[in-house]
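Scroll down for the structure; my scribbles are underneath it.
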Amino acid sequence: MNTPNDRQDGLATSRAHSARVYDYILGGKDHYPVDAEAGDAMVRHWPALPVHMLENRRFMHRAARFLAEERGIRQFLDVGTGLPTSPNLHEIVQEAAPESHVVYVDNDPIVLAHARALLRSSPEGATAYVDANMHDPDAILGSREFRELIDLSRPVGLMVIGIMHFILPPDDRRLITRLLDPLPSGSYLAMTVGTADFAPEEVNRVAQEYRRQGMPFVLRDLRSATSFFDGLELQDPGVTQAHAWRPGPEQSGIDGRDIAMYGAVARKP
């Protein structure tokens, strides 16, 4: 039996982790029994959770493609990468522009191990992984990988997908402000923000389960979600549920009550 101090290859295996729970619910292989147990409990509370998580991932795909193909962004900072699940951000943007640079950020050892193995760039471009806590933006911006791959004289796509519900105030505002401050005009912020606006009972039960498992969790209404983009130029269609932002054919027929995430892309003037 695992104890709270048990570790395997440097990975905590006796306590659920958000990235591994996400992997389990979406049918991945990179998780432990404790993550499966937590995921099963969450899905019992809200059976639509796998649909919701998949649409959060698909939002990232569409936002990245929009920035690479329609806005000409060629360098990206992805904070809170999570476990690599193809297609990854660099695969999306390097399909449009092989010379693109992508810096991934996370600090979970299992994510680090898989990132090093799987996040392979195109020959023309570059990828790097920063082992840093998302609560420490200075460590991200000061990292060797960021300094080597990101040219701050050119616009950057800042991706903050599926992590803000794990960051409590006031750290949430501080993180976004600090990451955006050094980025030049013409940079973009793509973000999803968790909400209980559409299925309050079910989503709040999931939030309680995350907290019971030792993971901080906060949900935000539309006004609070929109405020993260204050001072930026929202791109059409503005702040919407994640599946409704520039939807493709795969979003047809999705019930809005099954999506507990707002999403938007905004330009830094």
Side-chain angles (χ1 to χ4, degrees), residues 4-24 26 28-32 34-35 56-57 60 64 75-94 100-122 125-152 156-168 171-172 174-183 187 189-192 210 213-217:
N5 292 320
D6 284 346
R7 300 184 71 81
Q8 178 176 319
D9 298 329
L11 310 175
T13 61
S14 60
R15 183 175 179 176
H17 186 278
S18 58
R20 299 194 304 259
V21 171
Y22 185 86
D23 174 78
Y24 169 73
L26 290 183
K29 302 177 181 177
D30 301 302
H31 53 266
Y32 296 102
V34 67
D35 307 302
N56 177 71
R57 184 76 179 176
M60 184 275 285
Q75 44 185 5
F76 294 80
L77 176 63
D78 184 11
V79 179
T81 303
L83 286 162
T85 304
S86 188
N88 294 289
L89 175 61
H90 72 281
E91 293 172 306
I92 296 289
V93 300
Q94 289 181 349
S100 297
H101 288 191
V102 177
V103 175
Y104 293 101
V105 180
D106 213 306
N107 73 325
D108 179 62
I110 194 171
V111 177
L112 176 60
H114 282 267
R116 286 173 172 163
L118 299 175
L119 300 182
R120 302 295 187 185
S121 172
S122 67
T127 63
Y129 182 94
V130 177
D131 183 9
N133 193 309
M134 66 183 72
H135 292 86
D136 188 0
D138 289 336
I140 297 170
L141 297 171
S143 67
R144 174 183 57 82
E145 295 84 354
F146 180 86
R147 296 195 309 269
E148 289 181 355
L149 263 68
I150 302 297
D151 176 1
L152 291 177
V156 178
L158 172 60
M159 314 294 286
V160 185
I161 307 297
I163 66 167
M164 293 310 294
H165 43 280
F166 298 119
I167 304 179
L168 305 180
D171 282 351
D172 53 353
R174 182 178 65 86
L175 170 67
I176 299 304
T177 299
R178 182 67 185 92
L179 291 175
L180 277 174
D181 275 351
L183 304 186
S187 295
L189 169 64
M191 180 190 291
T192 57
Y210 269 106
Q213 296 284 346
M215 292 173 270
F217 206 91

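This one's a predicted model, so the numbers in the text were calculated from it and none came from an experiment. For reference, positions follow the sequence shown, starting with 1.
Distance CE/M60 to CE/M191: 15.5 Å, rounded to 0.5 Å. Note: S187 OG to L158 CG = 8.5 Å, rounded to the nearest 0.5 Å. With rounding to the nearest 0.5 Å, the separation of NE2 in H101 from CG in L149 is 5.5 Å. Note that CG of D181 and CD1 of I176 are 11.0 Å apart. Values are rounded to the nearest 0.5 Å. Within the model, atoms CG of L179 and CG of L189 stand 9.0 Å from one another, a figure rounded to the nearest 0.5 Å.
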side-chain contact (heavy atoms from CB on, under 4.5 Å) assessment of F146 paired with L152 | CA-CA 10 Å; F146 180 86; L152 291 177; 4.1 Å; yes

Take Y32 and Y24 through the ring pair (Phe, Tyr, Trp, His ring centres under 6.0 Å) test and state the conclusion after the steps.
-> CA-CA 9 Å; Y32 296 102; Y24 169 73; over 10 Å; no

Go through the steps for L89 and M159 under the test side-chain contact (heavy atoms from CB on, under 4.5 Å), then give the verdict.
-> CA-CA 9 Å; L89 175 61; M159 314 294 286; 3.9 Å; yes

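In this structure the side chain of I167 reaches within 4.5 angstrom of the side chain of M134, judged on heavy atoms. The side-chain heavy atoms of P182 and L141, taken from C-beta on, include a pair separated by under 4.5 Å. No side-chain heavy atom of D35 sits under 4.5 Å from any side-chain heavy atom of D23. No side-chain heavy atom of V105 sits under 4.5 Å from any side-chain heavy atom of D78.
Looking only at distances, no side-chain donor or acceptor of R178 sits under 3.5 Å from a matching main-chain atom of D138. The backbone N or O of V34 sits nowhere less than 3.5 Å from a side-chain atom of R20 that would complete a donor-acceptor pair.
For the residue pair N133 and I140, the shortest heavy atom distance occurs at O-CD1, 4.2 Å. Pairing each heavy atom of V79 with each of I163, the nearest pair is O-CD1, 3.5 Å. Shown here for A132 and A139, the closest heavy-atom pair between the two residues is CB-CB, 4.3 Å. What you find for G125 and Q94 is that their closest heavy atoms are CA-NE2, 4.0 Å. Looking at every heavy atom in both residues, H165 comes nearest to G162 through CE1-O, 3.2 Å. Contact detail for Q213 and A16: the closest heavy-atom pair is OE1-CB, 3.9 Å.
For Y104 and F76, the ring centers are positioned 6.0 Å apart or more.
For the residue pair S100 and Q75, no side-chain donor N or O sits within less than 3.5 Å of a side-chain acceptor on the partner. Looking at N88 and H90, their side chains never bring a donor and an acceptor atom within 3.5 Å of each other.
None of I161, D106, V130, N107 except one satisfies the side-chain contact (heavy atoms from CB on, under 4.5 Å) rule with T81; the exception is D106.
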